[in-house]
A.B. asks: 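This is the structure I have questions about; it appears just below.
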Amino acid sequence: MNILLTVQYDGTDYNGWQRQSNTPHTIQEILEDALAQRLGAHHLLTAAGRTDAGVHALAMPCMFQCQEIRIPADRLPFSLNSLLPPDIRVVDARITADGFDPILSASSKTYRYQLDNAAIPNVFKRRYAWHIHHPLDACAMHSAAAHFVGTHDFKAFAAAGGSAKTSVRTIFALDVERRSDEVIISVTGNGFLYNMVRIITGTLVEVGLGKKHPLDIPAIILSRDRKKAGQTAPAAGLSMIEVIYSEYT
């Protein structure tokens, strides 16, 4: 039996999603320990993505397998949440069909990056946004964003250390929107390389600051040279928003 959980978390105080032998206090570790307490045995969780330390998730799908479950799936979130810290919440649980895979079955993933563009940083956004005090040209950033849409080799926007077999990915949509003192970057694609969204964000910020031109983006993509793209944006501003599956059962 496959049980798919949808998890929401504030990643500020955690060392990322993935359980690691030499790095305690990860989201996966906390969730698997709660499952073990409730179900009486350890169950390995497979997530739709591996968020880094400090990255958040509004809806992270993760799945475990079991022969049987003594708690009805629709009651599992309430049961687990009673054991979880307040910055991690299971918001949904359902049984999925055999063969379902939270990574391979996904048709798209959406991430959001928040920029605090006020002259003085907002203390209530410090855990969830990157503060840029110089004014950002959101229109220029929006123009630059259009060049990322489509199927490209995104090697220039991947950090070293990733395990992907290919750096070719498809971005379905990339939008930049100003909301008062905030600039919101939303990106949807079929998958993302290690730190890809944060590097794209860093590059768009350079466009917004006038350090790069929107028309520089195609050449950077074609170069496949990480040094030509912008800096890796801080983790705090990034959140996984949604993973879309064509079907659950």
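Atom set for the values below is all heavy atoms of this structure, side chains included, hydrogens, waters and symmetry mates excluded.
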A.B. asks: Given side chains that start at C-beta, do those of E182 and K125 come closer than 4.5 Å, heavy atoms only?
C.D. replies: yes
A.B. asks: What pair of heavy atoms forms the shortest contact from A73 to A93, and how long is it?
C.D. replies: O-CB, 3.2 Å
A.B. asks: Where is the tightest heavy-atom contact between G40 and R70, given as atom of each residue plus distance?
C.D. replies: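 Where G40 meets R70 most closely, the heavy atoms are N-NH2, 4.0 Å.
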A.B. asks: For T188 and R112, what are the C-alpha separation, side-chain angles and deciding distance, and is it a side chain to side chain donor-acceptor pair (under 3.5 Å)?
C.D. replies: CA-CA 9 Å; T188 300; R112 179 181 65 206; over 6 Å; no
A.B. asks: Kindly work out whether a path of hydrophobic side-chain contacts (I/L/V/M/F/W/Y, heavy atoms less than 4.5 Å apart) joins L83 to L39.
C.D. replies: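 No, L83 and L39 fall in different hydrophobic clusters.
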A.B. asks: Roughly how far, to the nearest 0.5 Å, is the CD1 atom of I3 from the CG atom of L35?
C.D. replies: 10.0 Å
A.B. asks: Applying salt bridge (Lys or Arg N to Asp or Glu O under 4.0 Å) to R89 and D10, what does each step give before you reach the verdict?
C.D. replies: CA-CA 9 Å; R89 280 292 174 264; D10 176 339; over 6 Å; no
A.B. asks: Where is the tightest heavy-atom contact between A47 and P102, given as atom of each residue plus distance?
C.D. replies: C-CB, 4.3 Å
A.B. asks: Nearest 0.5 Å, please: how far is CG in L76 from CZ in F64?
C.D. replies: 5.5 Å
A.B. asks: How far apart are the C-alpha atoms of Q28 and Q20, what are their side-chain angles, what is the distance that settles it, and do they pass the side-chain contact (heavy atoms from CB on, under 4.5 Å) test?
C.D. replies: CA-CA 9 Å; Q28 182 182 10; Q20 303 169 59; over 6 Å; no
A.B. asks: NZ of K228: more than 12 outside heavy atoms within 6.0 angstrom?
C.D. replies: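 No - once you tally the heavy atoms of other residues, nucleotides and ligands closer than 6.0 Å, there are 12 at most.
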A.B. asks: Between D13 and R127, does a side-chain contact (heavy atoms from CB on, under 4.5 Å) hold up when you go through it step by step?
C.D. replies: CA-CA 10 Å; D13 299 324; R127 295 166 68 97; 3.5 Å; yes
A.B. asks: Determine, using ring centers only, whether H56 and Y128 are less than 6.0 Å apart.
C.D. replies: yes
A.B. asks: Please tell me if the side chains of I200 and I171 come closer than 4.5 Å, counting only heavy atoms from C-beta onward.
C.D. replies: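 In contact.
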A.B. asks: Let me check something: do Y194 and V187 share a hydrophobic cluster, defined by ILVMFWY side-chain heavy atoms less than 4.5 Å apart, either directly or through other members?
C.D. replies: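 Different clusters.
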A.B. asks: Hey, any chance I132 and L204 share a hydrophobic cluster, counting ILVMFWY side chains that come within less than 4.5 Å of each other, even indirectly?
C.D. replies: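 Yes, because I132 and L204 connect within a single hydrophobic cluster, where side-chain heavy atoms sit under 4.5 Å apart.
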A.B. asks: As a quick check of understanding, evaluate side-chain contact (heavy atoms from CB on, under 4.5 Å) for W17 and C62, giving each step before the final call.
C.D. replies: CA-CA 11 Å; W17 163 266; C62 55; 3.8 Å; yes
A.B. asks: Any side-chain heavy atom of L193 sitting closer than 4.5 Å to one from F157?
C.D. replies: no
A.B. asks: Which distance, rounded to the nearest 0.5 Å, do you find between the CG of D52 and the CG of N15?
C.D. replies: 11.0 Å
A.B. asks: Are any side-chain N or O atoms of R126 and backbone N or O atoms of W130, one a donor and one an acceptor, separated by less than 3.5 Å?
C.D. replies: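 It does not hold such a pair.
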A.B. asks: What is the minimum heavy-atom distance between A159 and I199, and which atoms define it?
C.D. replies: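 So the minimum-distance heavy-atom pair works out to N-CD1, 3.6 Å.
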A.B. asks: Quick one: pull up CG in N2 and OG1 in T46 and give me the separation to the nearest 0.5 Å.
C.D. replies: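 Answer for the CG-OG1 pair, N2 versus T46, is 9.5 Å.
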A.B. asks: Would you check if Y245 and S107 make a side-chain contact, meaning some heavy-atom pair closer than 4.5 Å?
C.D. replies: no
A.B. asks: Indicate yes or no for a side-chain donor-acceptor contact from K109 to the backbone of A48 under 3.5 Å, with no hydrogens or angles considered.
C.D. replies: yes
A.B. asks: Say you draw a straight line from CD of E32 to CD1 of I30; how long is it, rounded to the nearest 0.5 Å?
C.D. replies: 10.5 Å
A.B. asks: P61 and side chain to side chain contact (heavy atoms under 4.5 Å, CB included): which partner among D92, V7, T96, V243?
C.D. replies: V243
A.B. asks: Got P218 and I221 here, is their nearest side-chain heavy-atom distance under 4.5 Å?
C.D. replies: no
A.B. asks: Taking side chain as C-beta onward, heavy atoms only, is Y113 less than 4.5 Å from S239?
C.D. replies: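 No, every pair of side-chain atoms sits at 4.5 Å or beyond.
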A.B. asks: Is there side-chain contact between R198 and L238, with heavy atoms separated by less than 4.5 Å?
C.D. replies: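 Of all side-chain heavy-atom pairs linking L238 with R198, at least one is under 4.5 Å.
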A.B. asks: For the NE2 atom on H42, are there more than 12 heavy atoms of other groups (residues, nucleotides or ligands in this structure) within a distance under 6.0 Å?
C.D. replies: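 Yes, NE2 of H42 has more than 12 neighbouring heavy atoms, counting only those of other groups under 6.0 Å.
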A.B. asks: Indicate the ring-plane relationship of F154 and F148, choosing parallel, tilted or perpendicular according to the 30° and 60° boundaries.
C.D. replies: parallel
A.B. asks: So does P77 get a backbone contact from the side chain of N81, meaning a donor-acceptor N/O pair under 3.5 Å?
C.D. replies: yes
A.B. asks: Looking at G237, is its backbone amide N or carbonyl O close enough to the side chain of Q114 to form a donor-acceptor pair, meaning the two atoms are under 3.5 Å apart?
C.D. replies: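 Such a contact is absent between Q114 side chain and G237 backbone.
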A.B. asks: Given the rule that I, L, V, M, F, W and Y join up when any side-chain heavy atoms are under 4.5 Å apart, are I71 and L5 in one cluster?
C.D. replies: yes
A.B. asks: For the NZ atom on K155, are there more than 12 heavy atoms of other groups (residues, nucleotides or ligands in this structure) within a distance under 6.0 Å?
C.D. replies: no
A.B. asks: May I have the step-by-step check of side-chain contact (heavy atoms from CB on, under 4.5 Å) for Y9 and M60, ending in yes or no?
C.D. replies: CA-CA 8 Å; Y9 54 84; M60 169 68 85; 3.4 Å; yes
A.B. asks: Quick one: do R94 and T6 satisfy side chain to side chain donor-acceptor pair (under 3.5 Å)? Show the steps, please.
C.D. replies: CA-CA 9 Å; R94 64 183 67 195; T6 301; 6.0 Å; no
A.B. asks: Using side chain to side chain contact (heavy atoms under 4.5 Å, CB included) as the criterion, point out the one residue from L136, I184, D137, L115 that pairs with R178.
C.D. replies: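 Testing R178 for a side chain to side chain contact (heavy atoms under 4.5 Å, CB included) against L136, I184, D137, L115 leaves exactly one candidate, L136.
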A.B. asks: Mind running side chain to side chain donor-acceptor pair (under 3.5 Å) on T232 and N195 for me, showing each step along the way?
C.D. replies: CA-CA 7 Å; T232 303; N195 282 348; 4.8 Å; no
A.B. asks: Determine the minimum heavy-atom distance between A156 and A229, stating which atoms define it.
C.D. replies: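 That would be O-CB, 3.4 Å.
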A.B. asks: Using the six-membered ring wherever Trp is involved, compare the ring planes of H25 and Y14 and label them parallel, tilted or perpendicular (cut-offs 30° and 60°).
C.D. replies: parallel
A.B. asks: Would you indicate whether H142, at its atom NE2, is surrounded by more than 12 heavy atoms from other residues, nucleotides or ligands within a distance under 6.0 Å?
C.D. replies: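 Incorrect, the count does not exceed 12.
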A.B. asks: Could you tell me whether K211 and E206 make a salt bridge, using a distance below 4.0 angstrom between a side-chain N and a carboxylate O?
C.D. replies: no
A.B. asks: Is any side-chain heavy atom of R169 closer than 4.5 Å to a side-chain heavy atom of D153?
C.D. replies: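 Sidechains of D153 and R169: no contact.
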A.B. asks: Determine, for D33 against R19, whether the closest basic-nitrogen to carboxylate-oxygen distance falls under 4.0 angstrom.
C.D. replies: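 Result for this pair is yes, salt bridge flagged.
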A.B. asks: Has H213 got a side-chain atom pairing as donor or acceptor with V207's backbone, closer than 3.5 angstrom?
C.D. replies: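 Checked: no pair found.
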A.B. asks: Looking only at heavy atoms, which two atoms of S105 and G99 are closest? And how far apart?
C.D. replies: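 Of all heavy-atom pairs spanning S105 and G99, the closest is OG-O, 4.3 Å.
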A.B. asks: I'd like to know if the side chain of R38 reaches the main chain of S79, judged simply by a donor and an acceptor atom lying under 3.5 Å from each other, with no hydrogens or angles considered.
C.D. replies: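 Side chain of R38 to backbone of S79, a donor-acceptor pair under 3.5 Å: yes, one is there.
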A.B. asks: Find the distance between CD1 (I244) and CD (E242) and round it off to the nearest 0.5 Å.
C.D. replies: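 If we round to the nearest 0.5 Å, I244:CD1 and E242:CD are 3.5 Å apart.
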A.B. asks: Counting N and O atoms only, with roles assigned by atom type, does the side chain of S223 sit under 3.5 Å from a partner on the main chain of D225, one being a donor and the other an acceptor?
C.D. replies: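 Yes: the side chain of S223 pairs with the backbone of D225.
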A.B. asks: List the residues meeting salt bridge (charged side-chain N to carboxylate O under 4.0 Å, His left out) with D116, not counting sequence neighbours, and say none if there are none.
C.D. replies: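 Scan of D116 (salt bridge (charged side-chain N to carboxylate O under 4.0 Å, His left out), adjacent residues dropped) gives none.
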A.B. asks: Same cluster or not: are L45 and I103 linked, directly or through other Ile, Leu, Val, Met, Phe, Trp or Tyr residues, by side-chain heavy atoms under 4.5 angstrom apart?
C.D. replies: no
A.B. asks: Taking everything shown except R50 itself, do over 12 heavy atoms lie less than 6.0 Å from its CZ?
C.D. replies: no
